Trainee: 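Take this structure first; my questions come after.
Quick caveat: nothing in here was measured; it's all calculated off a predicted structure.
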Amino acid sequence: MVTKTNIWAAILSLGLLLTSCIVSNPKFFANAYPSEDPTYGYTPENPIMIKNADLNNSMGSSYYYLSRLRTEKGNKLQLIQRFSVSNPNYVKPAIPLTNRYTGQPLNYGTGPILDYYILMPENETDTVKLYINTYLKGEVKVPVGLTFENE
């Protein structure tokens with residue numbers, strides 16, 4: 001049976017979850033700097049690496065990162081499509097760990113899949129295609145031709 005208390009508890013929990021993600025993301029991306037490598041983010045062999053705690057938080061951080069990217073003209077990027085593609089650099093973990101209660105993997109090695117985003121800048125006709133690895137932590141940079149707008 002659903003009560004008003006349960007509904008308010010769910011709303012409060014959702015609000016805290018969303019707020020905690022938003023608060024942590026500006027700190028996580030505070031040191032994002034421009035890459036000098038023209039392939040960074042544009043090829044599956046050299047993806048943007050965004051691992052922020054667990055996989056769910058990393059996905060939210062990816063969307064935050066994409067929302068703060070701008071073209072050289074200052075235009076925002078709009079998400080057109082998102083795909084999951086194979087990671088050509090995938091290496092299985094030396095010792096696979098799983099959660100004994102759920103059976104879910106706790107380590108993914110270098111990540112079996114990449115997120116492939118097709119974005120379109122506002123007021124422009126060209127598309128931008130970026131690869132993001134949410135399984136592997138690394139320095140977060142900004143691909144050549146784009147800028148990152150801090151809050």
Trainee: Find out if a path of hydrophobic residues (ILVMFWY) with successive side-chain heavy-atom gaps under 4.5 Å connects Tyr117 to Phe148.
Mentor: yes
Trainee: Considering residues, nucleotides and ligands other than Asn99, do more than 12 of their heavy atoms fall under 6.0 Å from its CG?
Mentor: yes
Trainee: Without swapping roles, check the side chain of Tyr33 against the backbone of Glu139 for a donor-acceptor pair under 3.5 Å.
Mentor: no
Trainee: Just how far is it from atom CG of Asp115 to atom CG of Asn87, taken to the nearest 0.5 Å?
Mentor: 10.5 Å
Trainee: What distance do Ile50 atom CD1 and Tyr135 atom OH have between them, rounded to the nearest 0.5 Å?
Mentor: 14.0 Å
Trainee: How long is the gap from CG on Asn75 to CG on Leu69, to the nearest 0.5 Å?
Mentor: 12.5 Å
Trainee: Are Ile80 and Phe83 grouped together when hydrophobic residues (ILVMFWY) are joined by side-chain heavy atoms under 4.5 angstrom apart?
Mentor: yes
Trainee: List the atom of Ser35, the atom of Tyr40, and the distance in Å for their closest heavy-atom pair.
Mentor: OG-CB, 3.4 Å
Trainee: When hydrophobic residues are tied together by side-chain contacts of less than 4.5 Å, even through go-betweens, does Val144 share a cluster with Leu146?
Mentor: no
Trainee: Are Met120 and Thr127 close enough, and set up right, to give a side-chain contact (heavy atoms from CB on, under 4.5 Å), and what steps lead you there?
Mentor: CA-CA 5 Å; Met120 179 172 277; Thr127 57; 3.9 Å; yes
Trainee: Find the distance between NZ (Lys76) and CD (Glu122) and round it off to the nearest 0.5 Å.
Mentor: 6.0 Å
Trainee: What is the distance from atom OG1 of Thr147 to atom NZ of Lys73, rounded to the nearest 0.5 Å?
Mentor: 13.0 Å
Trainee: Walk me through whether Tyr116 and Leu114 qualify under side-chain contact (heavy atoms from CB on, under 4.5 Å).
Mentor: CA-CA 6 Å; Tyr116 176 55; Leu114 300 174; over 6 Å; no
Trainee: In Å and rounded to the nearest 0.5 Å, what is the OH to CD1 distance from Tyr65 to Ile48?
Mentor: 4.0 Å
Trainee: So, Arg68 side chain and Glu149 main chain: donor-acceptor pair closer than 3.5 Å or not?
Mentor: yes
Trainee: Is a side-chain N or O of Asn89 found less than 3.5 angstrom from the main chain of Glu45, in a donor-acceptor match?
Mentor: yes
Trainee: Let me check something: do Leu77 and Val142 share a hydrophobic cluster, defined by ILVMFWY side-chain heavy atoms less than 4.5 Å apart, either directly or through other members?
Mentor: yes
Trainee: Under 4.5 Å between side-chain heavy atoms, hopping through other hydrophobics if needed: is there a path connecting Val85 to Leu136?
Mentor: no
